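Please read the structure below before turning to the comments.
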There are 2 protein chains.
Amino acid sequence: MADVKSLANPLFLREEDLRQGIELLFFAYRDFTAEPDAMLAQYGFGRAHHRVIYFVGRNPSMTVSELLDILKITKQSLSRVLSQLVDQGFVTQRPGPTDRRQRLLELTPQGTELERRLTESQRALFARAYRAAGAEAVDGFRKVLLGLINETDRARFGEPGAALKTESGRR
Amino acid sequence: MADVKSLANPLFLREEDLRQGIELLFFAYRDFTAEPDAMLAQYGFGRAHHRVIYFVGRNPSMTVSELLDILKITKQSLSRVLSQLVDQGFVTQRPGPTDRRQRLLELTPQGTELERRLTESQRALFARAYRAAGAEAVDGFRKVLLGLINETDRARFGEPGAALKTESGRR
DNA sequence: AAAATATGTCAACATGGCTGACGTAAAATC
DNA sequence: GATTTTACGTCAGCCATGTTGACATATTTT
C-alpha cells in the first residue's frame, strides 16, 4: 500500500532535504555511540570491541568469517580485538562441529553481562526515540534505513513491512 | 514537558525491535560512509576531512569553535585535519570582522568541488532510499533520528523536532 | 596428492581520536 | 589601564583501530 503511494506520488527532493538526511544520520550516529564508548573506555576497550561483543551476542556460534562479513574490516583488524576479548574472558572459541577449521564464537557470562550493559544504553535511547516518534514513524525509519543498506545485508532484516504493534493492537 | 503522544499511542517495544533499530543504524552508517571514504583515500584524506569539508561548505564563515561543537572532537584533533585542508588549498581562514581572534572558515573553489563530489554520492544514496520509502516514511525517519540526537543539536533541525520532547535531557 | 579454505600471526604503517602543556593575540572586565 | 578570559594555534606523545603483505597451520575439498 505504501509502495503504491510512492509510485503514485513521487517525491520532489530538494538538495536541502537530502542534506538534512545526511546530517541527521551523522548526528544520530555520533550520539548513538557516545554512551557505550564511555563505558568501554573503563575496560580499556573501544568501539570495535563493542561491535564484536554485540554481534557475537546476537548471533551465538557465529564463525569468524561471518563476523568479518558484517563488520567489513580485515581479519587482522578483527584478530587484535577478538583475541583481547578472548584473553580477557569475554568471548570463547570452539571448533565447528562439522568443519573443525572454524572457530565458533560465543559470549562468556562475563561477556553477556557486558553486552547487556552496553546495549542497554542504546536500547533505552531507541526506546525513547521510538516512543516519542510513534509506531508509524518507526515504520518509516525502518524503510528509509533499509534503503540505505546494500542489498546483500538488507536481507538480514526480515519482512520490510513488518509493523510495530501498539499496546492496544497487541492486547 | 510530558510526553503526550506516547501516552496516547504507547508502543509495545520488544527487545527485538530495539535491536533491529540498533543494527539498522549500524549497517546504514557503515554503507553511508563507504563510498566517500574510498574517494577521499585518493586524496590521502580520511573521513575526518570529509566532515570538515562538509560542515564548512554547509556553513560558510563558521568559526573553529562552532565546528568543534558539531564534531565533538578536541581542537588538537581538528587542528591536524584542518591545517592539512588549508595547506592543500581546500579551505581558507580569515579573521572575523568584529572579533579578530576568530578564524572564519570557507571552502575554496577546489574545496567546493571536492565537497560536491563527496556529498553527491551520499545525496544519491539518500535520494534512492527516500524515493523507495515514500514521503511518509521520510517523515518518520526524520522523527526517529531527531529523537536519537541530543536536545541541543536537535535544535539545528527545524520545526519537526519541536514535537519531540524527552522525559529528561540526557547527557 | 594437491588445492582451496578458515583462521591465525607477525610486522609495519596511517588515520584520527586523546591529554597536557605552552603561546599569542584580541576582547572583555575590573 | 591592568588583568583576565577567550579563541585560537602548536608541540609532543599516547592509544585504538583501520590498512597491506607475507607466511603458517589445520582441515576440507577436489
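In what follows, every chain begins at residue 1, and chains take the letters A, B, ... in the order their sequences are listed. Atoms considered below: every heavy atom in the structure, side chains included; atoms not considered: hydrogens, waters and symmetry mates. Values in this document were obtained by computation on a predicted structure and should not be read as measured data.
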message: Taking any heavy-atom pair under 4.0 Å as a contact, classify T63(A): base, sugar-phosphate, or nothing.
response: sugar-phosphate

Ring-ring centroid check F45(A) F90(A), cutoff 6.0 Å: yes

query: Taking atom C1' of dT19(D) as reference, at what distance in whole Å does atom NZ of K72(A) sit?
result: 17 Å

query: Can you check whether H49(B) has a side-chain N or O nearer than 4.0 Å to OP1 or OP2 of dT15(C)?
result: no

query: Once you round it to whole Å, what is the distance between P of dA7(D) and NZ of K75(B)?
result: 11 Å

- request: Using only side-chain N and O atoms of R100(B), determine if any of them is under 4.0 Å from OP1 or OP2 of dA26(C).
  value: yes

- request: Look at all strands and tell whether Q93(A) reaches a base, only sugar-phosphate, or nothing, counting heavy atoms closer than 4.0 Å.
  value: sugar-phosphate

message: Is S79(A) close enough to dT9(C) that one of its side-chain N or O atoms is under 4.0 Å from OP1 or OP2 there?
response: yes

Any donor-acceptor N/O pair under 3.5 Å between dG16(C) base and R51(B) side chain: no

query: Does dT19(D) have OP1 or OP2 sitting under 4.0 Å from an N or O in the side chain of T74(A)?
result: yes

message: Nearest to the R80(B) side chain among dT7(C), dG16(C), dG18(D), which nucleotide is it?
response: dG16(C)

Rounded interatomic separation in angstrom, taking OH from Y43(A) and C1' from dA16(D): 18 Å

Residue whose closest nucleotide on DNA chain D lies nearer the 5' end, P97(A) versus V81(A): V81(A)

- prompt: Does the gap between the ring centers of F55(A) and F26(B) come in under 6.0 Å?
  reply: yes

message: For a quick check of understanding: with a heavy-atom distance under 4.0 Å over all strands, which category does S65(A) fall into, base, sugar-phosphate or nothing?
response: sugar-phosphate

- prompt: Starting at CG of L78(B) and ending at C1' of dG17(C), how long is that distance when rounded to a whole Å?
  reply: 12 Å

message: Expressed as a whole number of angstroms, how long is the span from L71(A):CG to dT7(C):C1'?
response: 16 Å

message: Expressed as a whole number of angstroms, how long is the span from L68(B):CG to dT19(C):C1'?
response: 15 Å

task: Would you sort out whether F27(B) and I70(A) count as a side chain to side chain contact (heavy atoms under 4.5 Å, CB included), showing the intermediate values?
output: CA-CA 8 Å; F27(B) 284 109; I70(A) 287 179; 3.9 Å; yes

task: Rounded to the nearest angstrom, tell me the gap between atom CD in E66(B) and atom P in dC8(D).
output: 8 Å

message: Determine whether a donor-acceptor pair (N or O, by modelled atom type, separation under 3.5 Å) exists between the side chain of N150(A) and the backbone of D153(A).
response: yes

field: Touch class at under 4.0 angstrom, heavy-atom based, for R47(A) against every strand present
entry: sugar-phosphate

field: base_contact_polar (dG8(C) base, R101(A) side chain, donor-acceptor, <3.5 Å)
entry: no

- request: Please determine which of D69(A), L71(A), T63(A) meets the side-chain contact (heavy atoms from CB on, under 4.5 Å) test together with L67(A).
  value: L71(A)

- line: Atom CZ of R94(A) and atom P of dT7(C) are separated, to the nearest Å, by 13 Å

- prompt: Between R58(A) and E115(A), is there a side-chain N and carboxylate O pair less than 4.0 Å apart?
  reply: no

query: Does any N or O donor sit under 3.5 Å from an N or O acceptor when you compare the side chain of Q76(A) with the base of dG18(D)?
result: no

